[in-house]
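A, B, ... follow the sequence lines: proteins, then strands. Residue 1 opens every chain.
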Number of protein chains: 2
Amino acid sequence: MDGRGKTAATVTLAEVAAAAGVGESTVSRVLRNHGSFSAKTRDRVMEAVNRLGYVPNMIAGTLASAGSRLVGIVVPSFSNIVFADVLRGASQAMEGSGHQAVIGVSDYDPAREEELIASMLSWRPAAILLAGLEHTERARAMLTGGGARVAEMLDIDGPGLDLVVGFATAETGRASARHLLARGYRRIGYVGHDLTRDTRAAKRLAGFEAALADAGLALTDRDIAPVPSSVEVGRDGLDRLLARAPDLDAVYFSNDDMAVGGYFLCLSRGIAIPDRLALFGYNGLDVARLTPQPIATIRTPRVRIGELAAQLALSGAPAQTVDVGFEVIEGATA
Amino acid sequence: MDGRGKTAATVTLAEVAAAAGVGESTVSRVLRNHGSFSAKTRDRVMEAVNRLGYVPNMIAGTLASAGSRLVGIVVPSFSNIVFADVLRGASQAMEGSGHQAVIGVSDYDPAREEELIASMLSWRPAAILLAGLEHTERARAMLTGGGARVAEMLDIDGPGLDLVVGFATAETGRASARHLLARGYRRIGYVGHDLTRDTRAAKRLAGFEAALADAGLALTDRDIAPVPSSVEVGRDGLDRLLARAPDLDAVYFSNDDMAVGGYFLCLSRGIAIPDRLALFGYNGLDVARLTPQPIATIRTPRVRIGELAAQLALSGAPAQTVDVGFEVIEGATA
DNA sequence: TGTCCTTTTGGCAGCGCTGCCAAATGAATT
DNA sequence: AATTCATTTGGCAGCGCTGCCAAAAGGACA
């Protein structure tokens with residue numbers, strides 16, 4: 001009554017063994033290419049496998065051998081290209097090694113992340129990959145249980161649970177500020193999105209402000225919308241900001257989506273970039289590189305991060321923190 | 001020697017049962033809130049669960065009960081927002097119902113998709129969600145096995161295996177052509193990306209050309225780059241196309257990323273839109289809606305498609321094809 | 001207090017596979 | 001032909017959980 005009609009009786013390894021006239025363990029060895037068996041036996045087994053359309057049952061295999069080939073990945077969002085890139089890298093690394101990704105979306109909610117971690121752990125994954133270092137107390141406790149390797153990605157500003165692969169998040173904010181200061185900008189504003197959820201954006205801003213403070217300056221004004229980042233939010237945020245502080249000479253955006261929105265606003269309004277107003281983003285997004293004036297931003301090796309995290313976690317590397325660095329893209333908007 | 005040290009001995013249900021002084025099946029019933037048990041028993045069990053930090057083993061549970069709570073999803077790419085949206089919708093629908101997504105990326109390669117389907121099937125998923133209707137013969141055969149529900153998403157132009165949720169792909173191309181024709185454009189070009197891999201883009205173009213043919217017209221020229229779509233490829237494609245056919249009055253792009261690239265080229269070159277050249281995209285992307293002139297495009301309910309596909313597949317709905325439709329966005333570039 | 005029915009509980013046989021061990025087979029050597 | 005050693009093979013006990021069934025414990029009522 002649940003629509004999952006078991007019409008085609010599932011073929012089991014035992015049936016394959018019977019059909020091939022060999023023992024179960026022999027079939028198992030052949031299928032996993034593990035242990036020794038004669039060429040003749042292998043052919044007999046493979047013939048039976050193909051004839052019966054046998055599909056191995058990983059569930060049973062995993063239970064018997066303890067240790068699955070699943071890798072749990074929890075990201076805050078699918079829509080943000082940052083996580084898409086990280087996932088792509090991780091997928092690449094898992095390809096071939098026979099691992100499968102079980103993916104969950106936390107929607108930037110630590111409680112939801114905790115839930116997802118709990119249910120992933122119940123699949124006894126070989127590793128769990130997470131974004132950032134901030135997790136609930138209970139999540140940390142579950143993760144420290146020791147069952148699975150843990151890799152925290154993107155941010156290395158703090159202590160990790162096991163593997164940490166990323167870059168110095170606050171430092172990207174500092175670097176952005178230094179870039180603007182070096183170019184002579186002094187009346188600097190900030191346009192951002194929900195910082196309580198996006199803790200890494202908050203860390204960037206903190207770094208940015210720290211660098212300003214080092215130069216004896218402070219943000220002239222800021223506009224922070226309590227919603228997820230988007231092109232639209234960036235555009236409207238800059239609009240509001242300029243209404244309040246028309247004499248800004250530069251704006252730091254919480255990321256490139258936001259900055260592109262700001263850029264579009266300037267285009268529409270005929271605001272000269274960078275002479276009248278400089279823009280600085282974050283992420284090194286494709287679209288931000290291809291606007292008529294490439295947007296000044298910071299590029300981070302996201303695909304590499306996902307790849308490296310998966311690689312290290314699955315290869316049994318010792319607990320460590322890897323700094324993959326970042327790169328300031330000068331662009332033409334600052 | 002593989003780094004997956006089982007330091008913390010895994011707590012089993014039997015241990016919880018012993019600690020709580022009840023039988024195993026009682027613990028199982030309490031944990032799944034299934035069957036009957038007294039409030040007192042429940043408290044005793046939960047206390048033991050929390051004290052021991054018990055994490056249920058889904059692998060064992062699934063094996064015992066036959067029928068997993070995993071849902072396999074194969075998408076062509078992570079980077080394309082289309083699939084990110086579909087995944088988001090599917091995730092939403094699975095949330096709460098206790099299902100987990102096992103996700104694989106085929107990179108638009110049917111052979112790779114087949115491999116992924118095979119390995120997902122070995123996890124005995126409750127359902128498999130796929131993009132499009134084109135699959136290898138062997139993939140179709142495996143899917144028809146009956147073990148899992150199948151939902152093919154995004155495209156409904158053809159026969160499906162089980163559930164099909166999407167819209168008429170070729171018709172989107174037709175609608176785009178009709179829109180341009182109705183506005184009086186006659187010298188129309190096409191800028192596209194690798195059509196052998198992206199079969200849905202090919203179907204759109206076929207529909208577009210069919211509608212032109214109905215009006216006694218044909219594409220004036222086309223530029224098809226044998227690479228994945230991107231803003232850059234769209235920009236460069238339009239550049240080449242205009243070099244060859246400077247008198248075009250409108251261009252149809254394979255999608256919005258490409259169209260945004262074309263739009264940026266026009267901005268840089270000072271090409272007046274839409275008077276000198278009209279642009280038409282596909283996808284209804286956020287960024288395309290927010291350019292100074294919103295790009296004419298077609299919006300498809302992608303999140304809804306993922307959501308509906310997962311919903312139907314997991315609720316045991318009968319095999320069917322659902323047309324969720326699409327919408328022409330007039331924009332300001334055509 | 002005894003009877004009957006409902007609710008609650010525990011025991012245990014699998015689910016399909018792998019890992020271990022012992023047995024069988026074959027090849028090489030005396 | 002007998003012995004030794006390496007290779008190949010099969011049997012079977014779990015892995016941790018669920019589903020079934022029978023047994024125990026309560027409750028209602030006579």
Round to the nearest Å and state the distance from A:Leu13 atom CG to C:dG19 atom C1'. 13 Å
Check the distance between D:dG14's C1' and B:Asn57's CG and give it to me in whole angstrom. 14 Å
Verify the distance criterion only: is there a donor paired with an acceptor across the side chains of B:His135 and B:Glu114 at less than 3.5 Å? no
Between B:Trp123 and B:Ser68, what is the shortest heavy-atom contact and its length? O-OG, 3.7 Å
Measuring from B:Asp198:CG to B:Glu134:CD, what's the distance to the nearest 0.5 Å? 10.5 Å
Rounded to whole angstroms, how far apart are CZ on B:Arg44 and C1' on C:dT8? 13 Å
Axis-to-axis angle between the two ends of the helix from C:dT1-D:dA30 to C:dT30-D:dA1 (five base pairs per end, rounded to 10 degrees): 40°
Testing B:Ile156, B:Thr199, B:Asp155, B:Thr169 for side chain to side chain contact (heavy atoms under 4.5 Å, CB included) with B:Leu133, which one passes? B:Asp155
Over all heavy atoms of both residues, which pair between B:His99 and B:Ala126 is shortest? Give the atoms and the distance, please. CE1-CB, 4.2 Å
What I want to check is whether the side chains of B:Thr41 and B:Asp43 have a donor and an acceptor closer together than 3.5 Å. no
So if I take residues 17-42 of chain A and measure heavy-atom distances to DNA chain D, which residues fall below 4.0 Å? A:Gly21, A:Val22, A:Gly23, A:Ser25, A:Thr26, A:Arg29, A:Ser36, A:Phe37, A:Ser38, A:Thr41
Write down the atom of A:Ile128, the atom of A:Ala148, and the distance for their closest heavy-atom approach. CG1-CB, 4.3 Å
Tell me: CE of B:Met58 to P of C:dG16, nearest whole Å? 19 Å
Note: B:Ala127 and B:Leu314 closest approach over all heavy atoms is CB-CD2, 4.2 Å
Separation of D:dG16 atom C1' from A:Trp123 atom CH2, nearest Å, is 13 Å
Minimum-distance nucleotide (side-chain atoms of B:Leu63 versus D:dC17, C:dG19, C:dG16): C:dG16
